[in-house]
Number of protein chains: 2
Amino acid sequence: MITFSKQDFLKNIYKQKEKGNDSTSASYLADVLNVSNAAISDMSKKLSIDGLIHYRPYKGLVLTSQGEKEALKVLRRHRLWEMFLVKTLGMDWSEVHEEAENLEHLSSDQLMDKIDAFLDFPDFDPHGSPIPDRDGNMPDSPVLILLNKAKTGEEYKIARVMDSDNKIIKYLGKAGLVIGARIKIIDKFDFDNSINVLINGKEMILSEKVSKTIYLELLN
Amino acid sequence: MITFSKQDFLKNIYKQKEKGNDSTSASYLADVLNVSNAAISDMSKKLSIDGLIHYRPYKGLVLTSQGEKEALKVLRRHRLWEMFLVKTLGMDWSEVHEEAENLEHLSSDQLMDKIDAFLDFPDFDPHGSPIPDRDGNMPDSPVLILLNKAKTGEEYKIARVMDSDNKIIKYLGKAGLVIGARIKIIDKFDFDNSINVLINGKEMILSEKVSKTIYLELLN
DNA sequence: ATATTTTTTTAAGCTTACTTAAATTTAAAC
DNA sequence: GTTTAAATTTAAGTAAGCTTAAAAAAATAT
C-alpha cells in the first residue's frame, strides 16, 4: 500500500485533471497539501521513480496511467465513504469530507466493494462527485457548468458542489442549494462577481466564492 | 491524534492487562508489534514523556490512567468496526481483524458513536470481546476460563476467541467453535496438552494452540 | 556467590516526509 | 532583449519510527 502522502499527492493531481487542467503546478499542490514547495519537489522525484507521475524539472505534474489508477482508487474510497456516512449513518453532508479524508487511505478494495454493494452501487456521492467503479471507470455524467459562468435567464439543476471548506457546504445546505435543486440565474454583477439567483421561489445573492463551488446542469 | 505506533503500543499493553498481566515486558511488545527491542525502549521513553505509560528502565510497562483511556478508545474503535463488518457488511469473522486493525486508527469519536448507535450499542464484538462504551466503561461480563484450563466432565459455553491468526479463526468457524456454542470437556491429554471435547454432538480433539485461543463460560 | 544467560538499553545510522534558506530556472514586465 | 519577479529545485537539517551492534542490567543456574 502506497503511503498517505503519496495517495494525497496523486489524488489532487487527478482532481485538477477532473477540473480540466492537464497538468498540475508544484505550487498549487504545495498549497492544497499544506506543505512547502520543496516538499513537492522531493515527492515528485519519488513518485516519478515509482512510475506514478511524469516528472520533468520545472514542468507541471502529470499522472502516468498507473498513477491515475491509484488516484481513482483513492477517490473511490473517499466518495464511497462519504456516501456511506450520509446515507447509512445519517451524517450531514457538511461533516463527512474530513472523516472520508482519513478513511480513504486504508480501507481494502474488498471492503470498498462490500460497501459499494451495500449502498447499491451509487454513481455519485452526496456532493455530486462521480464514484469510480472497482475497475476505475467513471459513470457517465452530463456536461456541467460552473455557476460562476452560467447564463442569465437560464434554468439549471445543481449537480455538484466541490469539497471545500465545510462551512460553505453547511451554508449551501441551509440555503437549499442541494444536489438536484433547481436554480435560475436572474442577474450577474460585474463589480464583485456575485450572482442573483432564484432557488425554491426565493431570490438570493451568492458571492463569487460560493458560486465557484457549485456546478450546474442545464435544463432543456 | 496520537500516532498509529503509539496507539498500537498502548493497545497491546491494555490487552495484556485484560489477560491478567499487571505489566507488560518490552520483549513481549517487540514480538507482537514486530519491531526490535530497541524500538520498544525508544517508544517507551516517548510515551512516558507523553504521560501515557509509567516507565522505569528495565521494569515492565504499565499504562497511566490517561494511557488506559487511549487504549480503550482504540479497542472501542477496533471492536465496533469488527462488529460492523460482520453484522452490516456480512463479512466472515475470520476476515475482519486485519481490516479493523487499520480502521481503528483514524475514525473520529463522533463516527464511532454513530456506528455504535447504528449497531444498537453492542456489548461484545463478533469474537466475544467486550466493547468499551464512549466513556471507556467495559460491559459486565461473566468470569471466563481458558479452554486449556477447563475441567473434564464440565459443560461450558464458548464466550470469546482471541484475535490471532485468522487461519485459526477460520478453522474454529468451520468446526462449529463459534460464540455461544456449547462445549463439553471429555478428556485432557497431558503429553501434548490437547483436549477431547464434545461440540454439537461431535467429538473432536483440539490442539493446545487452538484451545489457548478459546475462552469459556461455565454452564450451571 | 559467582558465572552465564536473558532482557533491556544505548549508540549510531537509515528512511520518510517534512522544514527553511539559497540557488536556479522560467515567465513577465518594460 | 534585459531586468525583475515568480516558480521551482537544491542543499542542509529535523522528527518519528525504525534498524543492527555493543553495552549494561537483571534473572537464572550451578
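Just so it is clear: chains get the letters A, B, ... in the order the sequence lines come, proteins before strands, and each one is counted from 1. Quick caveat: nothing in here was measured; it's all calculated off a predicted structure.
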Report the distance from atom NZ of A:Lys6 to atom P of C:dC18, rounded to the nearest whole Å.
-> 11 Å
Can you name the closest pair of heavy atoms from A:Ser108 and B:Glu99 and give their distance?
-> OG-OE1, 2.7 Å
Taking only residues two or more places apart in sequence or in another chain, which ones pass side-chain hydrogen bond (donor to acceptor under 3.5 Å, both in side chains) with A:Lys209?
-> none
Return the residues of residues 8-23 of chain A meeting this criterion: a heavy atom under 4.0 Å from some atom of DNA chain D. Order them by number, or give none.
-> none
Considering all heavy atoms, the nearest B:Asp123-B:Pro139 contact = O-CG, 3.3 Å
Here the ring pair (Phe, Tyr, Trp, His ring centres under 6.0 Å) pairs for residues 90-110 of chain B, sequence neighbours left out, are B:Phe4-B:His105, B:His78-B:His97, B:Trp93-B:His127
Taking all non-hydrogen atoms of both residues, which atom of B:Lys212 and which atom of B:Leu146 are closest, and how far apart?
-> O-CD1, 3.3 Å
When you get a sec, tell me which of D:dT9, C:dT9, D:dA16 is the closest nucleotide to the side chain of B:Thr3?
-> D:dA16
Partners passing ring-ring contact (aromatic ring centres under 6.0 Å, His included) against B:Tyr171 (at least two apart in sequence or in another chain) | none
Who passes side-chain hydrogen bond (donor to acceptor under 3.5 Å, both in side chains) against B:Thr24, sequence neighbours left out?
-> none
Residue pairs fulfilling ring pair (Phe, Tyr, Trp, His ring centres under 6.0 Å) with at least one residue in residues 6-49 of chain B, sequence neighbours excluded | none
Partner residues of B:Phe84 under the ring-ring contact (aromatic ring centres under 6.0 Å, His included) criterion, sequence neighbours left out | A:Phe84, B:Trp81
List in chain and number order the residues that pass side-chain hydrogen bond (donor to acceptor under 3.5 Å, both in side chains) with A:Arg77, two or more places apart in sequence or in another chain; answer none if no residue qualifies.
-> A:Gln7
Looking at every strand, decide which applies to B:Tyr55 at a 4.0 Å heavy-atom threshold: base, sugar-phosphate, or nothing.
-> sugar-phosphate
Closest to the B:Pro57 side chain, choosing from C:dT9, D:dT19, D:dT9 = C:dT9
Might you list the N or O atoms of the protein lying below 3.5 Å from N or O atoms in nucleotides 13-15 of chain C, with each pair's distance?
none

Residues touching DNA chain D, which here means a heavy atom under 4.0 Å, drawn from residues 24-37 of chain A = A:Ser25, A:Ala26, A:Ser27, A:Asn37
Got B:Ser5 and B:Met43 here, is their nearest side-chain heavy-atom distance under 4.5 Å?
-> yes
Name the pairs: protein N/O against N/O of nucleotides 21-23 of chain D, kept only if under 3.5 Å.
none

Close approaches to DNA chain C from residues 41-54 of chain A, in residue order (heavy atom, under 4.0 Å) | A:Asp42, A:Met43, A:Lys46
